[in-house]
Amino acid sequence: MGKVKIVTDSTADIPAELQKELDITVVPLKVHFAEETYEDGVNLTADQFYTKLAEAESIPTTSQPTPHQFETEYRQLFEKVDKPDIISIHLSSKLSGTFQSAYIASQTLGDEVPVTVVDSKRASYAIGIIVVEVAALAKEGASKEECLERVNELLEDTSVFFMVDTLEYLEKNGRIGKASAVLGSLLKIKPILSLTKEGEVYPFEKVRGQKKAVNRIIQEFQDRYGRDDIHVGISHAQSESEAEALMKQMHEHFSIKKETITSIGPVIGTHVGPGTVSVSVTRLKNS
């Protein structure tokens with residue numbers, strides 16, 4: 001086992017078995033339904049969340065972990081693993097204050113507990129795919145410097161696209177205007193969303209229908225990755241059959257050496273809504 005330990009947050013949507021296999025520490029964000037508060041992935045699973053969302057009178061809100069929560073996690077990990085180097089990779093700072101909370105905690109601890117905090121500038125399994133790749137490297141015994149070098153490569157080489165089923169949640173969360181949401185629904189427009197280099201959500205392209213959206217995404221990935229060996233992660237909000245069909249379609253076009261299908265958790269699900277499918281791709285190092 002290496003002396004580098006990886007920390008992330010629950011918005012990375014990493015399956016529980018992968019978290020355990022790669023010894024990834026996950027700090028939960030919170031979801032608030034009226035007077036009830038839940039910890040993402042701790043006492044509220046993705047399935048439970050979407051059931052509650054369907055029954056809720058209003059869309060829930062979300063909140064980030066506090067610096068104190070991160071400080072506690074870092075201290076416990078440092079003592080448990082005999083003073084490891086900690087790399088903490090988080091949700092885009094343009095979408096949440098989670099990165100800032102982690103950074104404040106790292107500054108508070110200083111040299112006492114060395115932590116390097118990374119803004120992934122991504123969301124959902126686009127974070128997860130980076131975390132999983134680095135955690136696997138750390139497990140093999142790579143040094144902190146080697147792990148951080150790989151992080152920087154992954155930050156440059158990981159792409160993500162989201163296909164949302166409805167524009168309602170984006171509109172209510174302030175991502176698009178009400179007029180755009182109504183017009184998009186009437187025309188059955190499927191906006192393909194992505195993230196800028198700074199980590200902000202933007203409409204990559206608008207197409208009519210799911211099939212055209214999938215074909216456009218595959219075309220874009222072909223331009224970026226060709227036949228290089230890649231790791232593909234597909235996250236979905238109660239759309240497992242669509243996710244599996246999309247992974248099968250990706251196999252027809254790409255050299256996929258690693259693949260993951262996972263659920264979009266409560267926090268990201270609050271903002272994109274049920275029916276969303278996200279595709280994340282990164283190039284593997286041996287390519």
Side-chain angles (χ1 to χ4, degrees), residues 1-31 38-46 62-93 96-148 150-151 154-155 158 233 235 260 262-268:
M1 292 293 289
K3 289 289 295 290
V4 176
K5 293 297 173 185
I6 307 300
V7 177
T8 189
D9 61 73
S10 58
T11 66
D13 292 332
I14 300 170
E17 62 270 19
L18 264 181
Q19 294 177 26
K20 184 176 181 181
E21 177 189 338
L22 297 174
D23 197 22
I24 300 165
T25 298
V26 178
V27 181
L29 277 74
K30 293 183 176 64
V31 179
Y38 300 90
E39 290 190 318
D40 183 358
V42 177
N43 58 358
L44 185 67
T45 66
T62 61
S63 62
Q64 68 217 35
T66 64
H68 178 70
Q69 284 176 272
F70 277 111
E71 187 177 337
T72 300
E73 291 284 356
Y74 295 150
R75 284 188 185 278
Q76 289 177 348
L77 188 58
F78 194 71
E79 292 166 3
K80 176 184 175 184
V81 189
D82 188 26
K83 301 180 179 179
D85 287 309
I86 300 171
I87 300 174
S88 200
I89 305 169
H90 297 288
L91 176 62
S92 170
S93 61
S96 166
T98 302
F99 166 80
Q100 186 66 16
S101 286
Y103 181 76
I104 290 170
S106 72
Q107 295 301 294
T108 300
L109 291 168
D111 294 336
E112 181 186 353
V113 179
V115 180
T116 302
V117 183
V118 177
D119 181 354
S120 75
K121 300 179 181 177
R122 288 169 178 79
S124 191
Y125 202 68
I127 310 169
I129 205 168
I130 294 171
V131 171
V132 164
E133 285 295 317
V134 177
L137 193 63
K139 189 176 181 180
E140 292 170 1
S143 68
K144 176 184 175 182
E145 291 72 26
E146 289 170 328
C147 287
L148 287 174
R150 184 65 179 131
V151 168
L154 290 161
L155 290 174
T158 300
S235 50
T260 304
T262 187
S263 293
I264 292 175
V267 169
I268 300 298

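Hydrogens, waters and symmetry mates play no part in the numbers below; they use all other heavy atoms, side chains included.
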Using the side chain to side chain contact (heavy atoms under 4.5 Å, CB included) rule, take Val7 and Glu73 through it: C-alpha gap first, then chi angles, then the decisive distance, then the call. CA-CA 9 Å; Val7 177; Glu73 291 284 356; 5.7 Å; no
Please confirm whether the backbone N or O of Leu29 pairs with a side-chain atom of Ser10, one donor and one acceptor, at under 3.5 Å? yes
Should Val132 and Tyr125 count as side-chain neighbours, where that means a heavy-atom distance under 4.5 Å? yes
Residues forming a side-chain hydrogen bond (donor to acceptor under 3.5 Å, both in side chains) with Thr8, sequence neighbours excluded: none
Within the structure provided, determine whether Glu112 and Arg75 are in side-chain contact (heavy-atom separation under 4.5 Å). yes
Does the side chain of Lys121 reach to within under 4.5 Å of the side chain of Leu155, using non-hydrogen atoms? no
Does any non-hydrogen side-chain atom of Tyr74 lie less than 4.5 Å from one of Val117? yes
Does Ile130 offer a backbone N or O that forms a donor-acceptor pair with the side chain of Arg122 under 3.5 Å? no
Atom CG of Asp9 and atom CD1 of Ile14: how far apart are they, to the nearest 0.5 Å? 9.0 Å
Heavy-atom side-chain contact between Phe78 and Pro114 under 4.5 Å: yes
Would you give the length of the straight line joining atom CD1 of Ile6 to atom CG of Asp85, rounded to the nearest 0.5 angstrom? 10.0 Å
Tell me every residue that passes side-chain hydrogen bond (donor to acceptor under 3.5 Å, both in side chains) with Ser120, counting only those two or more places apart in sequence or in another chain. none
Would you indicate whether the side-chain heavy atoms of Pro65 and Thr98 approach each other to under 4.5 Å? yes
Answer yes or no: is there a donor N or O on one side and an acceptor on the other, between the side chain of Thr262 and the main chain of Asp13, under 3.5 Å? yes
Please examine the side chains of Ile129 and Thr260, heavy atoms only from C-beta on, and report whether any two atoms are closer than 4.5 Å. no
Smallest heavy-atom separation, Ser92 atom then Asp119 atom, equals CA-OD1, 3.4 Å
Would you compute the distance between atom NZ of Lys5 and atom SG of Cys147 and round it to the nearest 0.5 angstrom? 10.5 Å
What pair of heavy atoms forms the shortest contact from Ala136 to Leu22, and how long is it? CA-CD2, 3.9 Å
Which atom of Leu91 lies closest to which atom of Ser96, heavy atoms considered: CD2-CB, 3.3 Å
Nearest heavy-atom pair of Val4 and Ala138: which atoms, and what distance? O-CB, 3.6 Å
If you measure only the distance, is there a donor-acceptor pair under 3.5 Å linking the side chains of Ser93 and Tyr103? no
Output all residues satisfying side-chain hydrogen bond (donor to acceptor under 3.5 Å, both in side chains) with Glu39, sequence neighbours left out; order by chain, then residue number. none
Look only at the side chain of Lys139 and the backbone of Glu21, and say whether a donor-acceptor pair between them is shorter than 3.5 Å. yes
About how many Å separate NZ of Lys30 and CG of Asn43, when rounded to the nearest 0.5 Å? 10.0 Å
Is a side-chain donor or acceptor of Gln69 paired with a backbone partner of Val27 at a separation under 3.5 angstrom? no
Please answer whether the main-chain N or O of Gly97 pairs with a side-chain N or O of Gln64 as donor and acceptor at a distance below 3.5 Å. yes
Check: Ile24 and Leu18 side chains under 4.5 Å, non-hydrogen atoms: no
CD of Glu79 to CG of Leu77: how many Å apart, nearest 0.5 Å? 10.0 Å
Between CD1 on residue Ile89 and CG on residue Leu154, distance to nearest 0.5 Å: 8.0 Å
